Amino acid sequence: MRALIAGNWKMHGLLADVATLAAPLREPAESLACDLLVCPPATLIAAVAAALAGSKVAVGAQDCHAKHTGPHTGEVSAAMLKDAGAAWVILGHSERRADYAESDAIVRDKAEAAIACGLTPIVCVGETGTQKAAGRAEEVVGGQLLGSLPDDFAGIVAYEPIWAIGTGHIPTEADVIAMHAFIRAELVRRFGLAGHGFRILYGGSVKPANAAALLNLPEVGGALVGGASLKPEDFLAVARAVAG
Ligand code: PGA
């Protein structure tokens, strides 16, 4: 299974930035040993999809609503994102869980909507620093997996320790190995053989300097990259750290 390097632009980028953030990925993506995905803000999906049309770089969104249409002012449905050119969608990112009170049940409903529309969901899980210090990381992540993944799940899990996001701090290699093994075991326990096939990404302060060490650990099927995805040369350096 090829690794996936996914860039989460968060709330960054205007139309004028598409030429500098997305277009430079086209050529290098041809010769990478991994798959490449960028998830711009919803307003840029159509423009980024146009800029990357015919390339090996996929386009995704950062969230979707659980309903397909309806009276939900300000929301964007999975069908709308697909219509705009997205094939993937990040769901349950810790910033959404924390800032918009997204529960596991909401994330699961969104994942169901995404799958029904043909989008591949990337469901994020991860513990806070306090939970980790209390020795509760596996319990928290296990609960999030159970609650956030629908029974018909087909997609990707991103393990993002919240304390590692945007901080420059990363877990030890031993902790990454242990958590990814735990997530894999949970996926297999619930989904059987299919559970072996879902890629598990690591996310949280992935940079060119630490990418090779993180990305080539067992059960690490790629990375969800925030800050470094806003510099194409750094994003590509992370992708090149995937062993061919
Ligand atoms: P970061 O963000 O790479 O800037 O830590 C990761 C994420 O939030 O997905």
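The shown structure was predicted, so the numbers you read here are calculated from the model rather than taken from an experiment. Every number for a ligand or one of its atoms is a count from 1 in the order of the listing.
Residue contact check for ligand 1: G203 places no non-hydrogen atom closer than 4.0 Å to it. Distances shorter than 4.0 angstrom occur between a heavy atom of G204 and an atom of ligand 1. Judged by the shortest distance from any of its heavy atoms, K207 lies outside the 4.0 Å radius around the atoms of ligand 1.
Here the heavy atom of the protein found nearest to atom 3 (O) of ligand 1 is G226 N, 2.8 Å. Protein heavy atom at the shortest distance from atom 4 (O) of ligand 1 is G227 N, 2.8 Å. For atom 9 (O) of ligand 1, the closest non-hydrogen atom on the protein side is E160 OE2, 2.7 Å.
A donor-acceptor pair under 3.5 Å links the side-chain atoms of S205 to the main chain of A164, judged by distance alone. Formation of a donor-acceptor pair under 3.5 Å by the R26 side chain with backbone atoms of A51 is found in this model.
Of all atoms in ligand 1, numbered sequentially from 1 with element shown, those under 4.0 Å from a heavy atom of N8 are 9 (O). The distance from ligand 1 to the heavy atoms of H93 drops below 4.0 Å at these ligand atoms: 7 (C), 8 (O), 9 (O). Which parts of ligand 1 touch L224 is read off a 4.0 Å heavy-atom cut-off, strictly below it: atoms 9 (O).
Remark: of the listed residues R190, R189, R184, R189 is the sole one forming a side chain to side chain donor-acceptor pair (under 3.5 Å) with E186.
Expressed to the nearest 0.5 Å, how far CZ of R108 lies from CG of L149 amounts to 10.0 Å.
When side chains are defined from C-beta on, Q131 does not count as touching V141, because their heavy atoms never get closer than 4.5 Å. Within the 4.5 Å cutoff, the side chain of V59 has no heavy atoms near those of the W88 side chain.
Residue-to-ligand polar distances keep E95 apart from ligand 1: every N/O pair is separated by 3.5 Å or more.
Taking the six-membered ring for Trp and thresholds of 30 and 60 degrees, F153 and F191 have ring planes inclined between 30 and 60 degrees apart.
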